[in-house]
Every structure is written in structure tokens, then in C-alpha cells.
Amino acid sequence: MSLRWLILGGACLYLALLFGIAYLGEQRARRGRSLVNNPYIYSLSLAVYCTAWTYYGSVGQAAQQGVQFLTTYLGPTLMAPLWWVVLRKIIRICKAQRITTLADFISARYGNDLALGSIVTLVCVFGVLPYISIQLKAIAASLSVVLPPPGPKGDLLGWADDTALYVTVVLAGFTILFGTRQVDATERHEGMVTAIAFESLFKLVAFMAVGLYVTYGVYDGFGDIFARAGRQPGLRVLFVLPEAQYADWFWLTVVSMLAIFLLPRQFQVAVKENVNEAHLSRAIWLFPLYLFLINLFVLPVAFGGRLLFAGQSVDADTYVLAIPQYFGQEGLTLMTFLGGLSAATSMIIVSTVALSTMVNNNLLVPIWLYRSSARHRSAAALAQQNVGRLLLNSRRIVIIGILLLAYLYYRLVSERFSLVSIGLISFVAVAQLAPAVLGGIFWRGGTRVGTLLGLSVGFGIWFFTLVVPTIVAAGLLSPTILAEGLGGMRGLRPYPFLGLAAFSPVPQAVFWSLLFNSGAYFLGSLLSRPSVAERNQAEVFVRIFRRSSSRDGGRGVGIASLADVQALLARFLGKERATFALQSYRRRHRLPDSSEADYGTVNHARRLLAGVIGSASAHVLVTSVVREETLVLDDLFEILNESQQLVYANQRLQQKSEELEKVGRQLRRANQALQKVDHLKDEFISTVTHEMRTPITSIRAFSEILQDHPKLSAQEKDHFLSTIIKEADRMERLITQVLDLEKFESGKQTLRIEPVALDEVIRDTLDSVSQVIKERNIRLRVDISPHLPPVAADADRLTQVVLNLVSNAIKFCDARDGSIRISSYLIDGQVKVNVIDNGPGVPPESRAMIFEGFFQAPHQTTKKPVGSGLGLTISKKIVEYHRGRLWVESEAGQGAKFSFTLPSVGHHHKLTY
Amino acid sequence: MPHPRRQPLLFTIFVIFFFLLHFPLLSIANRPFTLGGIPGLYWYIFGTWLLMIGLLGILLERKRFKR
Amino acid sequence: MNKKVLIVDDEPSIVLSLDFLMKKNGFEVFIARDGEEALQIARREKPRVMVLDVMMPKVDGYEVCAYLKASPELAATRVIFLSAKSKEEDIRRGYDVGADLYLTKPFSTRSLMKQVQELAQ
């Protein structure tokens with residue numbers, strides 16, 4: 001009787017504690033002192049991966065099959081180093097696009113497709129619901145083990161079932177309370193995550209406690225247990241992996257590698273609840289360490305149990321509880337039971353939150369939108385109309401629905417299956433999302449059609465090979481399908497599917513479903529044309545790192561190493577003055593001792609330097625020591641942030657500023673290298689920064705105007721904003737050109753050489769500018785010799801050259817009666833292209849200069865006559881990289897003739913790029 | 001900014017340990033022998049596992065790779 | 001004292017912003033795109049203040065300033081250089097040819113306007 005109350009009281013206390021911890025987490029978050037914002041909590045929350053399957057099932061599986069259970073943990077361990085590439089990218093995308101679930105993710109990637117979102121949701125619900133239900137089963141089963149039967153056996157089970165129902169209700173309450181606080185689903189659930197992290201810690205401690213007890217309390221260490229087991233032939237066979245299982249081992253590892261980031265609950269904690277990408281870095285080794293520790297004692301407990309209960313009918317899944325109970329260790333039994341409870345409840349809570357968001361956003365909201373036939377209303381507009389309450393409530397109802405379904409499934413079906421088998425079936429289900437997710441973030445070519453095909457085929461095979469047998473086992477389907485195959489075709493049996501009997505059922509399902517799934521995904525993608533929306537999203541997803549990065553950190557946050565700043569200052573001010581200046585600044589602002597320099601300090605250094613070398617050069621230098629942010633535009637961001645209207649411009653500027661930072665760094669590097677060789681390059685850098693000042697000046701001026709004159713007319717405002725954007729674009733072009741040029745100059749540029757039809761390149765280029773030509777009434781004549789051999793070239797680069805020359809011709813041809821002639825023919829084994837305009841021409845003294853970018857003679861103060869920018873310089877470099885020649889012929893007032901030659905393919909045997 | 005070599009190093013660790021923990025390399029340790037009473041395969045798997053965690057930890061926590 | 005200001009710059013966006021700011025502060029604004037045009041307008045309008053870029057087509061800002069300061073009827077014009085050239089020697093040259101103020105781009109519109117107001121007194 002006392003044990004009964006101990007266990008029940010312990011469980012109630014534990015759940016109360018969980019509520020308390022979650023509440024604490026919420027409170028701390030609300031007061032801005034987040035508990036969750038550190039890599040340890042993050043790593044622990046990832047351990048929601050370890051469910052009752054790990055806690056009870058691993059021992060059960062190890063007792064029957066030896067080491068095979070480890071694939072479930074080796075897979076995620078092997079995957080961990082790749083998180084830096086895969087998971088970080090997913091996190092970045094989700095933050096940029098405000099994505100909260102896998103279903104959102106896939107639907108967003110393939111053009112915000114509703115159908116895809118709902119299919120993924122269904123895959124996840126069907127795949128994970130049974131998995132939730134076996135957690136309930138585990139709770140009930142563990143209860144029936146630790147509590148001595150109060151009466152006839154049937155009563156006990158009924159009582160345990162009821163307990164499972166109570167637990168379900170409590171968990172529904174918890175999930176609703178801490179999982180649906182905000183309408184905005186991107187809001188983090190700090191309370192929930194804190195509780196999950198606590199549960200992870202608790203289950204680890206509990207499991208290791210029982211492991212230590214069995215290994216060192218009951219037996220005499222690892223060696224003792226295994227030595228005893230080794231004397232029994234039935235156990236000794238488990239010391240090795242049967243050779244026939246190598247293939248199973250491989251596929252089970254693969255499916256776990258995928259499950260670790262594709263399970264809805266893992267996506268929830270790893271991606272959605274992630275506070276800071278940097279936490280990933282520590283989780284990459286901490287999480288595998290967690291898995292290692294929780295598995296360390298599985299084999300000893302399994303063998304210990306089999307030795308102890310030899311000949312008795314004790315379910316190996318319950319050894320963890322049965323062993324301490326057998327030895328009358330009540331405290332340890334209670335702790336172990338609570339550990340199992342924590343493993344099960346954490347999984348249930350997080351999975352339910354993840355699934356409910358998915359069901360709500362991808363099934364209910366679309367249906368609701370459709371039914372209220374408010375097609376033109378966006379979800380954002382809805383959220384403003386006070387539907388927030390409605391959405392929250394519907395999410396809550398969905399949570400109750402999911403948990404209720406899970407409970408029903410447990411009562412009706414899952415009693416028959418082991419923890420491991422149902423868990424693995426879930427793994428295979430979510431693994432079907434792998435081609436869509438991985439293809440989606442690394443391959444721009446993946447399309448909606450391919451994804452739909454791949455998912456349907458993969459999910460179909462999963463259903464047929466893994467779910468149909470469980471339906472048969474539940475007696476809902478005739479077993480003939482298992483023996484005779486679908487429609488009597490023996491190839492179409494769930495196992496062996498298509499006659500492949502090399503694996504066990506689960507690995508073979510992994511193999512076939514992923515094979516057909518990815519095959520269909522790739523073929524479907526290659527054979528279908530993506531819509532514009534898909535192409536845009538593909539671009540955003542695949543190139544997320546080039547587009548933007550999250551700008552966290554602000555005042556007081558270290559953005560550079562103090563030593564670096566000091567060294568930089570010392571170079572210009574002398575060591576003593578630099579040290580003194582920084583120390584007095586930090587004293588004045590009461591900054592704590594730190595090796596980091598914050599925004600203010602760096603800015604102070606910039607001002608100090610500006611007094612010595614001018615503000616622009618100071619900026620470039622300071623930027624070179626700053627890690628994440630750039631400074632010049634920082635004030636701008638704040639101004640821009642204030643106005644909703646300006647958000648767009650803000651994003652553009654942010655991008656520019658990051659690129660500018662990169663350019664700054666590259667310029668500095670280029671500078672250092674070149675100083676030794678060529679003093680002229682100094683001039684280049686100062687000219688580039690000089691060129692950049694004009695757009696920055698305009699951007700700053702207009703931003704200040706916008707801030708200082710809030711009552712501008714809409715028209716003026718719009719005019720000024722579009723000027724800002726235009727100037728930002730100008731800076732972007734400049735930056736791209738500088739980077740291009742740097743690549744060519746440093747020899748880092750690589751070319752993708754292939755035979756290219758030059759006439760096509762020319763026609764494509766002309767197509768792209770045909771609108772401008774028409775608008776300016778320019779007469780265009782194109783003479784391309786009909787039998788032009790292909791040239792060996794990089795088509796994209798070649799297009800760049802032609803476009804440059806044609807754009808120049810358009811810019812400089814006669815304003816009223818413009819005419820451009822383009823001709824191309826073979827001469828001396830070279831293909832020659834001429835672009836001729838009827839503009840003012842290039843005077844002889846400028847002819848060399850125009851190819852030298854914006855190089856200027858020293859101390860020049862008047863502007864060059866012909867075009868600024870780097871277009872011609874880069875074009876010349878490109879042509880020379882192709883072993884060709886680019887030059888200009890012109891007589892003043894007679895127009896300009898730009899020509900280039902490239903070796904044709906027949907004459908270009910040795911191209912060694 | 002993470003160290004530029006971080007990504008390739010992490011990938012290399014993945015490849016090496018993927019091979020170490022699968023056929024055919026796994027079969028080298030997959031033989032009925034024991035060491036201090038503990039089966040060789042168990043030593044091998046858990047040892048490799050711990051080695052991988054250690055390498056990841058060293059790589060990711062080293063100061064110059066953080067910058 | 002008249003409140004005429006002559007803006008000399010060949011960058012349309014910068015001219016646009018200065019034009020707006022000057023007008024908001026009650027100046028009568030004239031605009032020149034290069035040094036030659038600047039001198040023509042200066043001779044005709046005799047502005048109180050001239051905001052002058054250095055790098056321009058045809059005649060550069062230094063020459064314009066030197067010319068102004070040398071001609072008796074224009075010498076009273078206040079000259080503010082607004083230039084992307086920020087080396088010490090450039091700045092010194094600006095003051096050598098007689099500038100009243102030399103600001104480097106990018107500049108703060110607030111302090112520019114304060115200085116312009118002061119110089120226009």
C-alpha cells in the first residue's frame with residue numbers, strides 16, 4: 001500500500017514540479033532573463049529524441065538482438081557534424097521566413113503550396129500519432145510493473161489504463177498552458193523548453209542511476225556482467241553482430257540520421273525553439289555525448305536482466321524497473337519510474353505542440369479561409385481582425401484531439417506492438433520528407449510536382465510495407481495480402497517487397513521508400529517546370545547564407561576583440577596613446593572589464609582614427625576588425641527601423657552593408673598584398689571608397705531628411721525612398737564589380753568552359769535589352785556569319801562581356817539618332833565580335849584609360865570623360881582569361897568600335913582551366 | 001564568423017566515422033573476442049563513438065575555430 | 001543679406017537632397033552641374049553661399065573657388081566644399097584656395113545646415 005502511494009504521490013509531485021519549472025521558465029522569459037538562451041538547455045532539449053523507446057525499449061531490444069539498437073543513436077551522432085551545414089541552414093531559413101513547422105517549411109519552399117502543406121501534415125500525423133500512443137502505453141505498462149496487483153489482474157490493467165487517461169488529460173493541460181501562449185506561432189515557448197530540458201536531465205540521471213546500480217550494485221562491474229553472460233551460449237551470440245545484419249545496420253543508421261531533424265518534435269526544439277544559431281555549435285558534440293551516456297548502461301542492464309530473470313517471463317522492456325524492484329530498492333524504483341515518465345511525457349508534449357501547429361496552419365486555417373470565401377484576405381490580415389483568440393482556441397482543441405486520438409489508438413491497437421517497432425515505423429514515415437527538405441535547401445531545381453510525386457510514392461510504400469502488416473495484425477485486414485501479395489501478385493507483398501529479402505522488414509521499407517521517393521522527386525523535378533513563386537523560394541532557400549544573416553546583438557554586445565581594436569589604433573596613434581584612449585573611454589562609460597569591444601567602443605575607435613586618416617578610411621579599417629556588423633550604416637538602420645514603410649529599404653541596406661563589409665575586408669587584403677608590389681593599387685582602393693561615398697552620402701542625407709521631416713507629402717516621401725533604394729542598388733553593382741575584379745586579378749576566378757554558340761549569346765543578350773533599344777529609338781543591325789564555329793568559353797561570363805559592350809553602346813550612341821551595329825565572323829581561326837556605335841567616340845588619350853576601371857592619374861580632380869564603373873575592365877579581363885583580346889578603335893566624333901576575339905573550338909585544344 | 005575550415009573539417013569527421021561504424025570496417029572488430037571481459041565489438045563501437053564526440057568537442061570549442 | 005545658395009554637384013541625387021534641405025531652410029536655390037556653369041550662375045546671381053563639389057567635369061571645384069575669391073565682386077561668397085576627397089592634402093588645398101569650410105562625404109545634413117545658416121549670417 002505504501003509503495004502505491006509513494007509511486008502515485010511521486011508521479012503527482014513530478015508533474016507538479018514540471019508545471020512549476022515551465023512556469024518559472026515563462027516568468028524568466030517575460031522578465032527578459034531567459035533560461036533557454038544557452039547552449040546547454042538547447043542541447044538538453046534536443047534530447048527529447050530519447051523517449052520511452054530509449055528508456056525502456058532499448059534494453060528490451062538489446063536483450064533480444066544485441067547491439068542493433070545502437071543504430072538509433074549512432075545515426076544522430078553521425079549526423080551531428082552535418083548539422084552545421086544542414087540544420088543551421090534550416091534554422092536560418094525558418095527565421096528569415098517565419099516558418100514554424102516542417103509542413104510550413106516544405107510548402108514554403110515549393111511556392112507556398114497548400115496541397116503540399118496538408119500532405120506533409122498528414123504524413124506527420126499518421127506517422128507520429130502511433131508513436132505518441134506507445135508513450136501512453138509505456139506509462140501504463142510501467143505503472144502495472146511497479147504497483148503490486150491490488151486484486152484480480154484484469155482490474156490492475158484497467159486501473160493502469162485509467163491512469164494513462166489521467167496522464168493524457170494532465171499532459172493536454174500542460175501542453176495547452178505552455179504550448180499555446182501566443183497567437184504568433186513563431187513566439188518561442190520558453191516555459192515548455194525549460195521543462196523539456198529538465199525532463200531530459202532527469203531521465204538521464206535516473207537511467208544512469210539504475211545502470212550504475214545494476215552494474216556495480218548487483219554485479220561487479222561491466223567485465224563481470226559480460227563475463228557471466230559470455231558463459232551462456234544464448235547470450236554469447238549477442239556479443240557480435242550477425243553478418244547478415246550489416247545491411248540492416250546501415251539502413252537503420254540512415255533512417256535515424258534523417259529522423260533526428262525530420263521528426264516534428266525534433267524540428268520543434270532544434271529549429272523553432274532555437275534562440276541563437278551559435279548554440280548549435282556546442283550541441284553538435286553535447287547532444288551525441290548525451291546519447292552516449294544514456295546508452296552506456298543499456299547492454300549491462302539487458303544482460304543483467306537476462307541473467308537475473310533467466311527462465312522467468314519478465315518482459316525485457318521492463319528490466320529497468322524490474323531489477324531494482326526485485327532487490328527491494330523502493331527509492332530507486334520510484335526514481336526509475338519517474339525517469340520513464342519524463343521520457344514519455346516530454347515526447348508527448350513536444351510532438352503534440354508541433355503536430356497541433358501543423359494541423360492548425362495547414363489543414364484548419366486553409367479550410368476556414370476557403371469556407372469564409374475570403375480569398376483575398378491574407379493570413380496576416382486575418383490575424384489583425386481579432387481572430388487571434390479563435391486561432392489559439394482551435395490550436396487548443398487540436399491538441400486535445402491529438403491526445404485523445406493517441407489514447408484511443410493505444411487502447412485499440414498499439415497494445416499489441418513493442419515500443420521499438422512502432423517508433424521505427426514513425427522514423428520511416430518522417431524520413432519520407434528527406435528528399436523534399438534536403439533537395440529543397442541544396443538544389444534549386446526541386447519542384448512542387450517532384451515533391452508531390454516523391455512524397456506520394458514514398459508514403460505509399462511506407463504505408464504498404466509497414467502499416468498494412470500492423471492492420472493485418474490488428475485483425476482489420478485479411479492476412480492473405482501478406483502471403484499472396486496485392487491482387488495475388490507475389491512481388492507485391494509488404495515483405496519481401498518486390499522480392500527483395502536481403503533486409504529485415506523495416507530496413508527494406510527504408511530502402512524501397514527512399515529509393516522510389518527520391519527517384520520520383522528528382523525525375524518529377526527535372527520533367528516539370530517550376531512556377532515563378534517556386535523559383536523565387538528556391539532561390540531564397542538555397543542561397544539563404546548569401547542573402548542575409550540575422551543581426552542580433554546591439555549596444556553593449558561585443559562586436560570585435562578589444563585587442564584587435566587596440567592594435568589597430570596603436571598603428572596610427574602609437575601604443576601608449578591607443579591604450580590610454582581606450583581605457584579612458586571605457587572608464588567614462590563604466591564598461592565592465594572584458595576582452596570584447598562593444599559598439600560604442602568600436603565607434604569611438606573609428607572616431608579617433610577618423611581624426612587621423614579620414615572617416616572613410618577609418619571605417620574601412622575598423623570594419624576589418626569587426627566581426628558581424630558594419631558601422632557606417634548602423635545609424636541608418638535605427639532611423640529606418642522606426643518606420644514600417646521603410647522596412648523594405650532597410651532589408652536592402654542591411655544586405656548592402658554586409659556586402660560592403662566583405663568588400664572592405666577584401667580591399668584591405670588586396671591592399672596588403674599589393675603594397676609590396678605596386679604602389680598604384682593604393683590609388684585604386686581610395687578610388688573605390690571614393691566611388692562608394694556618393695551613394696552612401698545620398699542614402700544618409702535622405703534618411704536624415706526622412707527622419708527630420710515627418711510631415712513630408714506621400715509623393716516626396718516616395719521619391720526620396722526610391723532614391724535611397726536606387727543608390728543602394730548602385731552600391732550593390734559597384735560592390736559586385738569590385739568583387740568580380742578582385743577574383744580575376746587574384747586569379748581565383750574559375751571558368752566553366754564548354755563549347756558556346758556565340759550567335760546565341762549575342763541574340764540572348766539583345767533580347768534582354770530590346771526594350772531599352774526600342775524605347776530610345778535606336779537602329780540596330782546585327783550581322784552574324786551563318787557558319788560561326790562554337791567557341792570554348794564560359795557562357796555566363798561571355799554574356800557579361802557582350803552585355804557590357806552593348807550597354808555601353810546604348811549609353812553612348814547618338815541621343816537623337818542612335819545606331820548600333822553588331823557583327824561577328826571567323827577570321828584567322830578566331831571568332832571576332834564588333835560592337836559599333838555612332839556616339840562621340842573615345843579620344844586617343846582616353847583609350848587606354850577606359851579599360852583601367854576608375855583608375856585616375858594622381859591628383860586628378862576633374863572627371864574622366866567616358867563612363868565610370870568597372871564594366872570594361874572586367875570585360876577585358878574575362879576575354880583575356882579566355883585567351884582572347886578586347887580593344888577599341890575610334891576616331892573622335894565618328895563613334896566607337898569595340899571588338900574582341902576568341903579562339904574557336906577547333907583551334908583551342910589546350911585549355912587548361 | 002565561424003572559421004572557414006570548420007565546415008570541411010566537420011564533414012571529414014562525418015565521413016571517417018561513417019566508414020568506421022559500418023561494414024566493412026565494422027567487421028574488423030566484429031569477432032568473438034573479449035577484453036577485460038567486455039566484448040571487442042562493444043569496446044570498438046563505444047570507443048569510436050567517444051572518440052568522435054571528443055574530436056567534435058575539441059574542434060568546436062577550440063578558440064581559433066570559434067572566430 | 002540675400003539668401004541665395006548655389007549648389008554645384010554633378011550627382012543628381014545629392015543635388016536633390018541639398019535642394020530640398022536648402023529650400024526648407026528658406027534659401028533661394030540655384031543649381032549648377034559643372035564648374036563652368038557654376039561660374040556663369042555665380043556671376044549672374046552673386047549667391048551668398050556656394051556648396052561646391054571638387055570632382056566635376058570640365059572645371060574642378062578648386063579652380064571655381066580660387067576664381068571666386070580672386071574676383072572682387074564675388075569674393076564675399078561663402079564657399080563650402082562638399083567632397084568625397086578626404087585626404088589631408090585635399091582638405092588643405094581646399095582651404096588654401098579660400099574655402100570657408102571643407103566637409104567630406106558622407107556628411108551629416110544637420111551639421112551642414114547649421115554651418116550653412118551660420119555662414120549665411
Exactly one of B:Ile13, B:Leu60, B:Ile53 clears side chain to side chain contact (heavy atoms under 4.5 Å, CB included) with A:Ile284, and that residue is B:Leu60
B:Asn30 and its side chain to side chain contact (heavy atoms under 4.5 Å, CB included) partner, picked from A:Tyr246, A:Phe239, A:Trp249: A:Tyr246
Interchain contact, [X] with chain B, by part (heavy-atom threshold 4.5 Å):
X: A:Leu82; value: side chain
X: A:Phe287; value: neither
X: A:Asp224; value: neither
X: A:Ile225; value: neither
X: A:Leu70; value: side chain
X: A:Tyr290; value: neither

Does B:Phe19, at its CZ atom, have more than 12 non-hydrogen atoms belonging to other residues, nucleotides or ligands within less than 6.0 Å? no
[Y] side chain reached by [X] side chain, heavy atoms, under 4.5 Å:
X: A:Leu74; Y: B:Trp49; value: yes
X: A:Val85; Y: B:Gln7; value: yes
X: A:Trp84; Y: B:Leu56; value: no

Closest approach of B:Phe14 to A:Pro81 (non-hydrogen atoms, all atoms of both residues): CB-CG, 4.0 Å
Could you tell me which of B:Phe23, B:Phe11, B:Phe18, B:Tyr42 has the largest number of non-hydrogen atom pairs under 4.5 Å with chain A? B:Tyr42
Interatomic spacing from CZ in B:Arg6 to OG in A:Ser281 - rounded to 0.5 Å: 3.5 Å
